[in-house]
Amino acid sequence: MPDASALPDDRALLFELFETTPRQGPGSVATTRRALRLLPDGLRTERVLDMGCGTGGSTLVLAEETGAHVTAVDIHPPFLATLRAQAEARGLGDRITTVVADMGSVDARGTGYDLVWAEGSAYSIGFEQALYSWKPLLRPGGCLVVTELVWFVDQPDERARAFLAVEYPDMRDEATRVRDARGAGYDVIDSFRLPADDWHAYYAGVERPLREAIARRGAQDVYTAMQREQQMYETCGDDYGYVCLVLQTPTRSRV
Ligand SMILES: C[S@@+](CC[C@H](N)C(=O)[O-])C[C@H]1O[C@@H](n2cnc3c(N)ncnc32)[C@H](O)[C@@H]1O
């Protein structure tokens, strides 16, 4: 989703557009499965927390593939309503709990999770802040899987640099995010870059709701924001993208 703070008048419309899309940012079933396969062999995954789950593109895969109970947290209730309906339709209703909450305030979520998952959402409370504040939610040896927008090159195209300086001023490169993870006390188990297909599917998903919003009420600013974001990716998408980090907390405390 484009940065909602840049569209104060259209914030509600922006969220509304994504209420029925499978993802609210680049990602896919294949990518969620790929990250799951990178978890350490034999990792127990009975209790999973999906932070900033949106309409549950990852949540449903996590519940289906791991057999876990998944607590899915998001701040926007209509996203969770979509997720609930999908979970019921797939017979997963009793294994997914939806919670409307700020994922930056960790107290209410409980602790001892085997796995915390966050696709495209950590940035909204600050990547490093997310690493530090979610770590106590994990049991020793539990894992955090997080995707984050990063620079892939040292000298990005000036157009992308200028665009993302506004959209995501705290964006860093891959190596920095790996260092951040180690600095926060995680072991880096693996990482991979999300494929361009994940971006294309994300934009394809919002095409129809966007067309309908334009027909109903103009929605010009939102349309322009989406167009700019997509065109930037098509032009400069080799220079930046999402990295998926698979992290694990140590099983015993380090001295
Ligand atoms: C880019 S979307 C990613 C959604 C989903 N994980 C996916 O991959 O499609 C970011 C999500 O984080 C949610 N979000 C943003 N700030 C939040 C906060 N402070 N607490 C909980 N959810 C938040 C948004 O409502 C949105 O659903």
Side-chain angles (χ1 to χ4, degrees), residues 1-7 10-36 48-63 70-84 86-87 96-109 115-134 137 144-150 164 167-168 170-171 193-195 197-206 209 222 225-226 229-230 233 240-245:
M1 287 167 61
D3 180 14
S5 61
L7 294 165
D10 293 319
R11 196 185 154 83
L13 175 59
L14 186 64
F15 273 84
E16 197 184 308
L17 281 183
F18 286 93
E19 282 166 13
T20 52
T21 59
R23 297 263 168 178
Q24 287 64 51
S28 63
V29 170
T31 287
T32 303
R33 285 188 178 143
R34 180 174 175 188
L36 274 172
V48 177
L49 185 58
D50 192 356
M51 293 294 216
C53 62
T55 57
S58 53
T59 318
L60 296 162
V61 180
L62 292 169
V70 186
T71 302
V73 175
D74 204 279
I75 206 155
H76 188 58
F79 287 166
L80 295 177
T82 302
L83 167 55
R84 281 238 60 78
Q86 302 233 31
I96 294 176
T97 301
T98 52
V99 180
V100 179
D102 182 346
M103 63 188 174
S105 103
V106 293
D107 297 353
R109 306 283 78 74
L115 182 59
V116 174
W117 204 271
E119 290 195 34
S121 57
Y123 81 97
S124 57
I125 59 166
F127 184 76
E128 283 189 88
Q129 170 67 19
L131 293 178
Y132 280 100
S133 63
W134 294 345
L137 304 180
L144 169 64
V145 172
V146 59
T147 70
E148 168 71 358
L149 190 65
V150 293
L164 285 155
E167 287 285 313
Y168 187 13
D170 291 333
M171 186 167 154
R193 293 177 181 181
L194 270 59
D197 279 356
D198 284 7
W199 287 78
H200 299 144
Y202 155 63
Y203 289 123
V206 79
V222 173
M226 285 300 302
E229 190 193 281
Q230 185 170 2
Y233 181 72
Y240 66 91
Y242 281 84
V243 66
C244 178
L245 299 179

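Indexing begins at 1, ligand by ligand and atom by atom, following the structure's order. When a residue number appears, it is its place in the shown sequence, counting from 1.
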Could you tell me whether some N/O pair between M103 and ligand 1 is separated by less than 3.5 angstrom?
-> yes
Under 3.5 Å: N/O of S121 near N/O of ligand 1 = no
Contact check: F15 vs ligand 1, nitrogen or oxygen atoms, below 3.5 angstrom = no
Mind checking whether S58 has an N or O less than 3.5 Å away from an N or O of ligand 1?
-> no
Determine, step by step, whether Y168 and L149 satisfy the side-chain contact (heavy atoms from CB on, under 4.5 Å) criterion, reporting the C-alpha distance in whole Å, the side-chain angles of both residues, the deciding distance to 0.1 Å, and the verdict.
-> CA-CA 9 Å; Y168 187 13; L149 190 65; 4.1 Å; yes
G25 neighbourhood, listing ligand 1 atoms whose heavy-atom distance to it stays under 4.0 Å | 9 (O)
Verify side-chain contact (heavy atoms from CB on, under 4.5 Å) between Y242 and D198, making sure each step is shown before the conclusion.
-> CA-CA 10 Å; Y242 281 84; D198 284 7; over 6 Å; no
Counting from 1 in the order shown, the ligand 1 atoms closer than 4.0 Å to a non-hydrogen atom of R23 are 8 (O), 9 (O)
Donor-acceptor pair between E229 and Y203 side chains, under 3.5 angstrom = yes
Atom of T21, atom of G205 and distance for their closest heavy-atom approach = CG2-O, 3.3 Å
Taking it one step at a time, do T55 and F18 satisfy side-chain contact (heavy atoms from CB on, under 4.5 Å)?
-> CA-CA 8 Å; T55 57; F18 286 93; over 6 Å; no
Based purely on interatomic distance, does D102 place a nitrogen or oxygen under 3.5 Å from a nitrogen or oxygen of ligand 1?
-> yes
Starting at CE of M51, measure out to CH2 of W134 and round the result to the nearest 0.5 Å.
-> 5.5 Å
Looking at ligand 1, does any of its N/O atoms fall within less than 3.5 Å of an N/O of P22?
-> no
Per-residue contact class, A101 against ligand 1 - non-hydrogen pairs under 4.0 Å = backbone
Answer yes or no for D74: is there a heavy-atom contact with ligand 1 below 4.0 Å?
-> yes
Residue that, paired with V48, satisfies side chain to side chain contact (heavy atoms under 4.5 Å, CB included) out of V70, V145, V116 | V70
Would you tell me which option among A122, G56, S124 has the nearest heavy-atom contact to atom 16 (N) of ligand 1?
-> S124
Assess the side chains of S124 and S121: does a donor N or O sit below 3.5 Å from an acceptor N or O?
-> no
Out of P26, G57, G52, whose heavy atom sits nearest atom 5 (C) of ligand 1?
-> G52
Considering the heavy atoms of G120, write down every atom of ligand 1 situated less than 4.0 Å from one of them.
-> 1 (C), 10 (C)
Indicate yes or no for a side-chain donor-acceptor contact from S133 to the backbone of Q129 under 3.5 Å, with no hydrogens or angles considered.
-> yes
Counting both backbone and side chain atoms, is some N or O of Y123 under 3.5 Å from an N or O of ligand 1?
-> no
